[in-house]
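Heavy atoms only: backbone and side chains are in, while hydrogens, waters and symmetry mates are out.
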Amino acid sequence: MSKIQTIGLRKSYGPVEVLKGLDVAVAEGEVVCVIGPSGSGKSTFLRCLNKLEDITAGKVVIDGFDLTDPKVDLNKVRQHIGMVFQHFNLFPHMTVLQNIMLAPVELKKGSKAEVRANALALLDRVGLADKADARPAQLSGGQKQRVAIARALAMKPDVMLFDEATSALDPEMVGEVLQVIRDLAKEGMTMVVVTHEMGFAREVADRVVFMADGLIVEENSPEELFGNPQSSRLQDFLAKVL
Ligand code: ADP
Ligand code: MG
């Protein structure tokens, strides 16, 4: 069984069809990178995977639960899916530790002491053990994004979705965030990573999906996709970004 599966996934905003029937399957422990030009529907696709968007047609199935089935407890399924965005969306009035503890405390993922111990362990894991009491404003962009990743991990998800997690960062901070994602991949986390870091996709992805105009134009192993692109759309895209 796939960890994540979409079947004929379509999404329209009014008369504009943005996703035009996507069939994607992600196995447990697999890392799928999604690349493609701006406006091709990558973010919309990712948001459909935890139903942050209403799905116009087709299915999204997570761990066997069909999110389009009204009987499925969406909040419960969502708790298993961590999401990290381009902009970190940390609460500015809270410390780093409070930001990480908020959701697991609210959703009773353990006693406060357990949640706190887990949050501190996660901060250590992303290399920010000394920043527990700092406010987001005191952190660099790369540090904020690492906190955002720790915050998502605090819910103990078994799927992580990344939407251009490094594209708002100064270049010197990209590496530290990619390293955290790379470590997660090594630990076997199931991930869908929308990225414009082609080198990273090539290195970390088990499979790369190229989207254009709301469709999957090509998908393949990184070696094949980057080394032997079949379609002119992908060839043109790679010529611009590589
Ligand atoms: P990408 O992440 O690949 O850049 P998006 O998924 O953000 O692409 O957007 C795909 C298309 O959907 C774009 O044409 C965008 O303008 C449109 N779109 C995205 N969100 C909305 C929305 N909330 N309302 C209307 N159109 C939207
Ligand atoms: Mg996007």
Side-chain angles (χ1 to χ4, degrees), residues 31-35 38 42-47 49-50 52-53 78-107 109-110 112 114-187 189-201 203-205 241:
V31 179
V32 172
C33 285
V34 181
I35 63 170
S38 175
K42 305 181 298 296
S43 296
T44 305
F45 167 63
L46 221 53
R47 288 201 303 272
L49 295 184
N50 55 6
L52 290 178
E53 298 285 349
R78 280 193 187 127
Q79 285 183 25
H80 294 273
I81 306 173
M83 190 157 182
V84 176
F85 303 91
Q86 181 175 346
H87 298 287
F88 332 109
N89 309 325
L90 298 175
F91 293 109
H93 58 289
M94 291 183 182
T95 67
V96 161
L97 188 62
Q98 287 166 340
N99 264 282
I100 298 173
M101 289 177 62
L102 184 68
V105 166
E106 207 134 280
L107 293 159
K109 282 273 154 178
K112 208 159 177 183
E114 284 162 355
V115 167
R116 184 187 162 85
N118 185 46
L120 290 170
L122 285 169
L123 271 179
D124 189 41
R125 183 163 155 195
V126 299
L128 295 172
D130 55 333
K131 298 293 183 194
D133 298 319
R135 308 252 166 202
Q138 296 168 283
L139 304 180
S140 71
Q143 291 171 331
K144 279 186 230 182
Q145 193 58 298
R146 285 185 282 153
V147 172
I149 295 172
R151 181 180 55 178
L153 293 172
M155 290 297 291
K156 304 191 174 166
D158 42 27
V159 170
M160 285 286 284
L161 309 175
F162 291 89
D163 192 359
E164 305 219 0
T166 61
S167 58
L169 299 178
D170 291 333
E172 73 270 23
M173 292 168 190
V174 168
E176 67 196 49
V177 173
L178 292 181
Q179 187 55 44
V180 173
I181 304 176
R182 191 181 281 119
D183 290 343
L184 282 170
K186 282 199 197 108
E187 291 160 24
M189 180 69 81
T190 307
M191 299 199 278
V192 181
V193 182
V194 173
T195 184
H196 58 218
E197 299 286 340
M198 298 301 144
F200 178 78
E203 172 205 332
V204 174
V241 297

Quick one: side-chain contact (heavy atoms from CB on, under 4.5 Å) partners of Lys156, sequence neighbours excluded? Asn118
Would you say the side chain of Leu153 lies within less than 4.5 Å of the side chain of Leu184, judging by non-hydrogen atoms? yes
Sub-4.5 Å side-chain heavy-atom contact between Val204 and Ile181: no
May I have the list of side-chain donor-acceptor pairs in residues 134-141 shorter than 3.5 Å, sequence neighbours left out?
| unit_1 | atom_1 | unit_2 | atom_2 | d |
| --- | --- | --- | --- | --- |
| Arg135 | NH1 | His93 | O | 2.3 |
| Gln138 | OE1 | Arg135 | N | 2.7 |
| Ser140 | OG | Gln143 | N | 3.2 |
| Ser140 | OG | Gln143 | OE1 | 3.4 |

What residues, two or more places apart in sequence or in another chain, satisfy side chain to side chain donor-acceptor pair (under 3.5 Å) together with Asp163? Ser43
Is any side-chain heavy atom of Val34 closer than 4.5 Å to one of Leu46? no
With sequence neighbours excluded, tell me which residues meet salt bridge (charged side-chain N to carboxylate O under 4.0 Å, His left out) with Glu203. Arg182
In terms of heavy-atom contacts, Gly82 and Ala152 come closest through CA-CB, 4.2 Å
Between the side chain of Gln145 and the main-chain N/O of Ala165, is any donor-acceptor distance below 3.5 Å? yes
Residues 124-131 side chain polar contacts: donor-acceptor under 3.5 Å, at least two apart:
| unit_1 | atom_1 | unit_2 | atom_2 | d |
| --- | --- | --- | --- | --- |
| Arg125 | NH2 | Glu187 | OE1 | 2.6 |

Distance (rounded to the nearest 0.5 Å) between Phe200 CZ and Thr195 OG1: 6.5 Å
NZ-CZ distance between Lys42 and Arg47, expressed to the nearest 0.5 angstrom: 11.5 Å
Do the non-hydrogen side-chain atoms of Ile81 and Leu49 ever get within less than 4.5 Å of each other? no
From Met189 CE over to Asp158 CG, what is the distance, rounded to the nearest 0.5 angstrom? 7.5 Å
Looking only at heavy atoms, what is the nearest atom pair of Ala119 and Ile100, with distance? CB-CG2, 3.6 Å
Nearest heavy-atom neighbours spanning Arg151 and Phe88: NH2-O, 2.9 Å
Considering all heavy atoms of both residues, which atom of Ser167 and which atom of His196 are nearest to each other, and what is their separation? CB-CE1, 3.0 Å
What's the spacing between Leu90 CG and Leu102 CG if we round to 0.5 Å? 11.0 Å
Might you point out which heavy atoms bring Leu120 and Ala132 nearest each other, and give the distance in Å? CD2-CB, 4.0 Å
Check against side-chain contact (heavy atoms from CB on, under 4.5 Å), His80 and Val159: CA-CA 6 Å; His80 294 273; Val159 170; over 6 Å; no
Kindly compute the distance separating CD (Gln98) from CG (Asp133), expressed to the nearest 0.5 Å. 8.5 Å
Take Val147 and Lys144 through the test side-chain contact (heavy atoms from CB on, under 4.5 Å) and record every step on the way to the result. CA-CA 5 Å; Val147 172; Lys144 279 186 230 182; 5.6 Å; no
Contacts of type side chain to side chain donor-acceptor pair (under 3.5 Å), residue Glu197, not counting sequence neighbours: none
With side-chain contact (heavy atoms from CB on, under 4.5 Å) as the criterion, how do Leu161 and Phe45 come out once you've worked through the C-alpha distance, each side chain's angles and the decisive distance to 0.1 Å? CA-CA 11 Å; Leu161 309 175; Phe45 167 63; over 6 Å; no
Quick one: does Arg116's side chain get under 4.5 Å of Leu97's, heavy atoms only? yes
Atom pair CD (Glu106) and CE (Met155), whose distance is rounded to the nearest 0.5 Å: 10.0 Å
